[in-house]
Amino acid sequence: MMRINNNMKQEQRKCRELITEPTIFTPEHNRIISHAELPVVKNELSITLKIYLESHGTEWYTVFYKGKAENSRTPALWLNPNKVPCPRFSITGNFDAGINMNDYEFLLNRWYHIAYTLSNPDKRMNFYIDGEWVGSFSMTKIQVESFIFNDGPLYIGKHLDWKGFTGQISDFRYYNFRLSHREVLMDYSGEDPTKHNGNDESLKKSIVGSTIGFFFGLMT
């Protein structure tokens with residue numbers, strides 16, 4: 001298994017939009033993006049997309065999967081036979097870590113916005129549907145466990161060993177940093193999270209300071 005060299009310099013808050021307009025996917029169809037075409041990732045990443053299911057069978061179907069090997073799957077997302085999203089990733093000692101969003105079965109013929117974020121510094125993976133934070137995974141052995149990235153290609157739709165889903169994808173974006181909840185909402189509403197400084201607390205203080213200044217101006 002090939003791993004990312006953590007000494008590699010990570011670009012600052014980069015995003016690449018891999019699919020823009022609605023694109024049809026079938027179980028045998030995919031888009032393959034080489035590792036070199038993606039923003040450099042060191043210890044964080046996020047993926048956002050809009051997905052529309054037209055039909056669904058009785059198998060597990062791939063939405064996206066980075067890596068060629070079965071034991072290297074950071075990041076990955078499947079839909080199980082019940083149309084439930086199942087984010088997956090590889091961590092130290094477990095190549096198939098993840099969560100099953102059993103309370104969030106997708107309906108057919110409806111668009112959903114998905115955000116998948118993970119961070120080694122935070123030891124955490126978060127999952128969002130339509131801007132709502134609906135699931136997370138946190139490492140428990142934080143001194144010895146880490147997400148394992150790889151330099152394999154990114155498969156959207158069918159992977160080498162798994163069929164793809166049937167439906168459409170649009171607005172598929174790959175970020176080399178962890179989106180905060182506020183930035184997920186920005187992506188959901190069509191704004192550009194790369195123009196946000198990533199510090200929600202500073203933004204709140206700035207807004208409060210501006211509001212106080214405005215009222216003081218009215219009083220003088």
Side-chain angles (χ1 to χ4, degrees), residues 1-4 14-41 44-91 95-101 104-118 125 127-130 147-176 179 187-188:
M1 177 176 62
M2 301 185 71
R3 301 186 183 185
I4 293 296
K14 295 290 186 178
C15 171
R16 170 127 191 239
E17 186 165 89
L18 304 174
I19 298 175
T20 302
E21 299 299 323
T23 301
I24 294 174
F25 284 82
T26 67
E28 301 303 322
H29 175 70
N30 62 19
R31 289 273 186 96
I32 304 175
I33 296 89
S34 70
H35 177 72
E37 296 178 82
L38 299 170
V40 174
V41 165
E44 293 186 339
L45 66 78
S46 302
I47 287 178
T48 64
L49 65 130
K50 294 177 182 176
I51 186 169
Y52 180 96
L53 299 183
E54 295 181 355
S55 65
H56 202 69
T58 58
E59 302 178 51
W60 285 66
Y61 299 93
T62 312
V63 179
F64 59 79
Y65 186 119
K66 190 172 189 299
K68 288 185 176 180
E70 182 178 354
N71 62 351
S72 180
R73 51 182 65 177
T74 304
L77 176 65
W78 277 272
L79 296 171
N80 74 12
N82 295 320
K83 303 187 292 295
V84 169
C86 301
R88 288 291 186 271
F89 36 84
S90 298
I91 65 172
F95 72 85
D96 187 34
I99 51 178
N100 295 337
M101 307 303 302
Y104 294 92
E105 176 183 340
F106 283 173
L107 301 176
L108 297 180
N109 304 312
R110 179 194 156 176
W111 282 99
Y112 292 90
H113 179 272
I114 290 174
Y116 171 121
T117 75
L118 57 79
M125 181 270 173
F127 192 71
Y128 305 81
I129 299 175
D130 291 339
F147 292 107
I148 300 174
F149 300 98
N150 65 78
D151 59 3
L154 174 66
Y155 296 82
I156 305 174
K158 174 181 168 59
H159 185 258
L160 297 172
D161 299 317
W162 292 278
K163 294 179 181 178
F165 74 100
T166 300
Q168 300 179 59
I169 279 180
S170 72
D171 303 290
F172 191 108
R173 302 180 182 116
Y174 189 99
Y175 296 87
N176 71 342
L179 292 172
D187 184 280
Y188 180 42

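The model shown is predicted, which means the values in this text are computed figures rather than measured ones.
You'll find the side chain of Glu44 stays beyond 4.5 Å of the side chain of Tyr175, heavy atoms only. Side-chain contact between Tyr116 and Phe64 is present, with at least one heavy-atom pair separated by less than 4.5 Å. Contact of the Tyr52 side chain with the Pro22 side chain is not registered, since no non-hydrogen atoms from C-beta on lie closer than 4.5 Å. Counting only heavy atoms from C-beta outward, the side chains of Lys68 and Pro153 approach each other to under 4.5 Å. In this structure the side chain of Ser170 reaches within 4.5 angstrom of the side chain of Trp111, judged on heavy atoms. Considering only heavy atoms from C-beta on, Leu45 comes within 4.5 Å of Phe149 through its side chain. Side-chain contact between Thr23 and Phe172 is absent, with no heavy-atom pair separated by less than 4.5 Å. Inter-residue side-chain proximity for Ile114 and Phe106 is flagged as met; some heavy-atom pair is nearer than 4.5 Å.
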**Message:** Before you tell me yes or no, could you show the steps for Tyr65 and Arg88 under side-chain contact (heavy atoms from CB on, under 4.5 Å), namely the whole-Å CA-CA distance, both residues' side-chain angles and the distance that decides it to 0.1 Å?
**Reply:** CA-CA 9 Å; Tyr65 186 119; Arg88 288 291 186 271; over 6 Å; no
**Asked** Passes side chain to side chain donor-acceptor pair (under 3.5 Å), His113 versus Asp187? Steps please.
**Response** CA-CA 9 Å; His113 179 272; Asp187 184 280; 2.7 Å; yes
**Request:** Give the intermediate values and the outcome of side-chain contact (heavy atoms from CB on, under 4.5 Å) for residues Thr74 and Leu118.
**Result:** CA-CA 10 Å; Thr74 304; Leu118 57 79; 3.9 Å; yes
**Asked** Between Thr48 and Asp171, does a side-chain contact (heavy atoms from CB on, under 4.5 Å) hold up when you go through it step by step?
**Response** CA-CA 7 Å; Thr48 64; Asp171 303 290; over 6 Å; no
**Request:** Please step through side-chain contact (heavy atoms from CB on, under 4.5 Å) for the pair Lys66 and His35, ending with a clear verdict.
**Result:** CA-CA 9 Å; Lys66 190 172 189 299; His35 177 72; 3.0 Å; yes
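The two residues Arg73 and Asn150 come nearest to each other via the heavy atoms N-ND2, 4.3 Å. Residue Arg31 comes nearest to Ile19 through the heavy atom pair NH1-CG1, 3.5 Å, listed as atom of the first residue, atom of the second, then distance. Glu70 approaches Phe95 most closely through the heavy-atom pair O-CD1, 3.4 Å. Across all their heavy atoms, Phe89 and Gly98 have their closest contact at CZ-CA, 3.6 Å. Across Leu18 and Tyr174, no two heavy atoms sit closer than the pair CD1-CB, 4.2 Å. Between Thr62 and Trp78 the shortest heavy-atom distance is OG1-NE1, 3.4 Å.
The distance from the OG1 atom of Thr166 to the NE2 atom of His29 is 11.5 Å, given to the nearest 0.5 Å. Rounding to the nearest 0.5 angstrom, the gap separating the OH atom in Tyr61 from the CD atom in Glu59 is 4.5 Å. Atoms OG and CG, on Ser46 and Asn176 in that order, are 9.0 Å from each other to the nearest 0.5 Å. Between the CD1 atom in Ile148 and the CD1 atom in Ile91 there is a gap of 8.0 Å [rounded to 0.5 Å]. Here Leu53 contributes atom CG and Leu79 contributes atom CG; the two are 5.5 Å apart, rounded to the nearest 0.5 Å. Note that OG of Ser90 and CG of Asp96 are 7.5 Å apart. Values are rounded to the nearest 0.5 Å.
Of the possible donor and acceptor atoms, one in the side chain of Arg16 sits under 3.5 Å from a partner among the backbone N and O of Glu37. Between the side chain of His56 and the backbone N or O of Phe165, no donor-acceptor pair lies under 3.5 Å. Under a 3.5 Å cut-off, the side chain of Asn80 and the backbone N or O of Asn82 do form a donor-acceptor pair.
Heavy atoms from other residues, nucleotides or ligands lying under 6.0 Å from NZ of Lys83 number more than 12. Counting non-hydrogen atoms of neighbouring residues, nucleotides and ligands closer than 6.0 angstrom, the CD1 atom of Ile24 reaches no more than 12 such neighbours.
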